[in-house]
Amino acid sequence: MKTQILQPNKYNLRLCAEEIRGGGLVAFPTETVYGLGANALDEDAVKKIYIAKGRPSDNPLICHVADVEQIDRIAYVTPSALKIIRAFMPGPVTVVLRKKNVPSVVTGGLDTVGIRMPAHQCALDLIRECGVPICAPSANTSTKPSPTKAEHVLHDLDGKIRYILDGGQCGVGLESTIIDCENNLLLRKGGLEIEKIESVIGKLGFVSDSPVPLCPGMKYKHYSPDAEVILALPSLNMRDIIREFYDKSPQKTVIITRGGDYGDRNVFDVGRSVNEYAHMLFDAFRTLDEQGFERIICEGVPEAELGAALMNRLLKASGGKTI
Ligand code: TXA
Ligand code: MG
């Protein structure tokens with residue numbers, strides 16, 4: 001199958017909607033990362049997602065909707081979910097609710113469904129044009145960093161899908177925050193700051209407080225480039241520690257930094273703010289792999305606001321290797 005990157009004009013949106021309604025897959029941009037979409041109500045189409053990604057079938061998919069009526073059709077909305085929907089949708093947040101009429105292949109056999117309304121015009125237009133919820137995981141090969149550009153999707157899925165809608169680089173750059181609204185639990189830190197969500201629905205529990213794995217995706221390795229990732233924990237002398245570690249590294253090494261001065265050592269600059277760092281991280285991982293680096297040292301950031309999700313991704317990518 002030949003894979004084409006398409007600009008999201010009216011004609012191409014119609015073409016992609018036809019592909020999805022016909023049981024095919026289309027990759028599309030959202031404000032977090034690119035998704036690999038299928039008609040959520042078509043079991044055979046959904047199975048193709050797991051095959052294309054190489055994803056374990058017990059790992060459920062998020063259903064993307066364009067309006068509140070679509071949410072009502074696929075789930076029982078709880079009071080806390082309603083508050084999140086009113087305050088933050090469309091936006092980088094997913095609510096997990098008890099499902100109605102959603103095939104179990106979408107939900108990995110669970111009786112709940114993750115639902116998200118992306119804040120990206122192209123995604124909303126595509127969902128409206130299809131007239132059905134679109135279930136989509138991130139459009140990467142399983143365990144690779146999520147794609148934040150159309151070319152990342154092409155790299156991972158070339159020949160496996162017909163169309164990639166190109167919406168440019170994703171604004172947020174990290175996946176959505178996931179809230180279990182049955183139990184008011186945070187399942188995954190992400191693009192919507194937890195402080196903001198708690199200001200609307202009160203204190204949340206965290207998934208690690210739960211004895212059973214509530215978010216099946218959390219048990220798989222994630223977000224990792226081929227290079228070894230080392231996370232430098234934030235401290236006053238973090239950059240001295242990084243310089244020393246770099247100088248002792250026998251591998252081809254690079255530092256991901258927010259404007260640090262590392263002399264003539266290899267660096268990849270991700271801007272100044274935590275938000276710019278989040279926006280650039282997955283692109284940085286992919287670019288540095290292509291450039292043949294074997295070790296990537298990442299500057300850590302304070303765990304407030306988007307920094308909490310960023311540190312979660314950095315820690316996962318490093319497999320817990322910190323300095
Ligand atoms: O920003 C995002 O959320 C992106 C874009 C494309 O929307 N999607 C995304 O999907 O990151 P994925 O499949 O890569 O990650 C979804 C996570 C997985 O860890 C999965 O286990 C969890 O959400 N999940 C989905 N449905 C769930 C459910 N019913 N209960 C608990 N966890 C669920
Ligand atoms: Mg993913």
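Positions are given from 1, in the same order as the sequence printed here. Read the numbers this way: they start at 1 and go in the same order the structure lists the ligands and their atoms.
In the displayed structure, R162 atom CZ is contacted under 6.0 Å by at most 12 heavy atoms of other residues, nucleotides or ligands. Residue-environment remark: CD (E198) exceeds the threshold of 12 foreign heavy atoms within 6.0 Å. Other residues, nucleotides and ligands contribute only 12 or fewer heavy atoms inside 6.0 Å of the CG atom of D261. Counting non-hydrogen atoms of other residues, nucleotides and ligands closer than 6.0 Å to NZ of K196 gives a total of 12 or fewer.
Residues T141 and K53 bring no donor and acceptor atom of their side chains to less than 3.5 Å of each other.
Taking a 4.0 Å cut-off on heavy atoms, L110 registers as neighbouring ligand 1. Taking 4.0 Å as the cut-off, R188 counts as a neighbour of ligand 1 on heavy-atom distance.
Applying the salt bridge (charged side-chain N to carboxylate O under 4.0 Å, His left out) criterion to K47, with sequence neighbours excluded, gives D44. Not a single ring-ring contact (aromatic ring centres under 6.0 Å, His included) links H120 to another residue, sequence neighbours left out.
Because its NZ or CZ atom is both nearer than 6.0 Å to the ring centre of F206 and within 45° of the ring axis, K189 counts as a cation-pi partner of that residue.
Residue-to-ligand polar distances place S176 within reach of ligand 1: an N/O pair is separated by less than 3.5 Å. At under 3.5 Å, not a single nitrogen or oxygen of T30, backbone or side chain, sits near a nitrogen or oxygen of ligand 1. For ligand 1, the polar-atom distance check finds no N/O of Y34 at less than 3.5 Å from any of the ligand's N/O atoms. Taking only nitrogen or oxygen atoms, main chain and side chain alike, N59 reaches within less than 3.5 Å of ligand 1.
The E175 neighbourhood of ligand 1 comprises atoms 1 (O), 2 (C), 11 (O), with distances under 4.0 Å to a heavy atom of that residue. Near V113, meaning under 4.0 Å from any of its heavy atoms, are these atoms of ligand 1: 29 (N). Contact atoms of ligand 1 toward T112: 28 (C), 29 (N), 30 (N) (distance under 4.0 Å to a heavy atom of the residue). Atoms of ligand 1 found under 4.0 Å from any heavy atom of H64, numbered from 1 in the order shown, are 5 (C), 6 (C), 7 (O). Under a 4.0 Å criterion applied to the non-hydrogen atoms of R55, ligand 1 contributes the atoms 12 (P), 13 (O), 14 (O). Counting the atoms of ligand 1 from 1 in the order shown, those under 4.0 Å from a heavy atom of L187 are 31 (C). Near S138, with a cut-off below 4.0 Å to any heavy atom, the atoms of ligand 1 are 8 (N), 9 (C), 10 (O), 12 (P), 14 (O).
Counting heavy atoms closer than 4.0 Å to ligand 1, residue D180 contributes nothing at all. Contacts between V96 and ligand 1, counted as non-hydrogen atom pairs separated by less than 4.0 Å, involve the side chain only. At a heavy-atom cutoff of 4.0 Å, ligand 1 is contacted by no atom of T107, backbone or side chain. With a heavy-atom cut-off of 4.0 Å, M117 does not touch ligand 1 at all.
Considering only heavy atoms from C-beta on, L124 comes within 4.5 Å of M117 through its side chain.
Residue contact annotation: N140 places no N/O/S atom under 2.8 Å from the Mg ion (ligand 2).
Between the side chain of K48 and the backbone N or O of G23 there is at least one donor-acceptor pair closer than 3.5 Å. Looking only at distances, no side-chain donor or acceptor of D166 sits under 3.5 Å from a matching main-chain atom of I5. With hydrogens and angles ignored, the 3.5 Å screen pairs a side-chain donor or acceptor of T177 with a backbone N or O of L192.
Considering only non-hydrogen atoms, atom 6 (C) of ligand 1 lies nearest to G35 out of P118, P56, G35.
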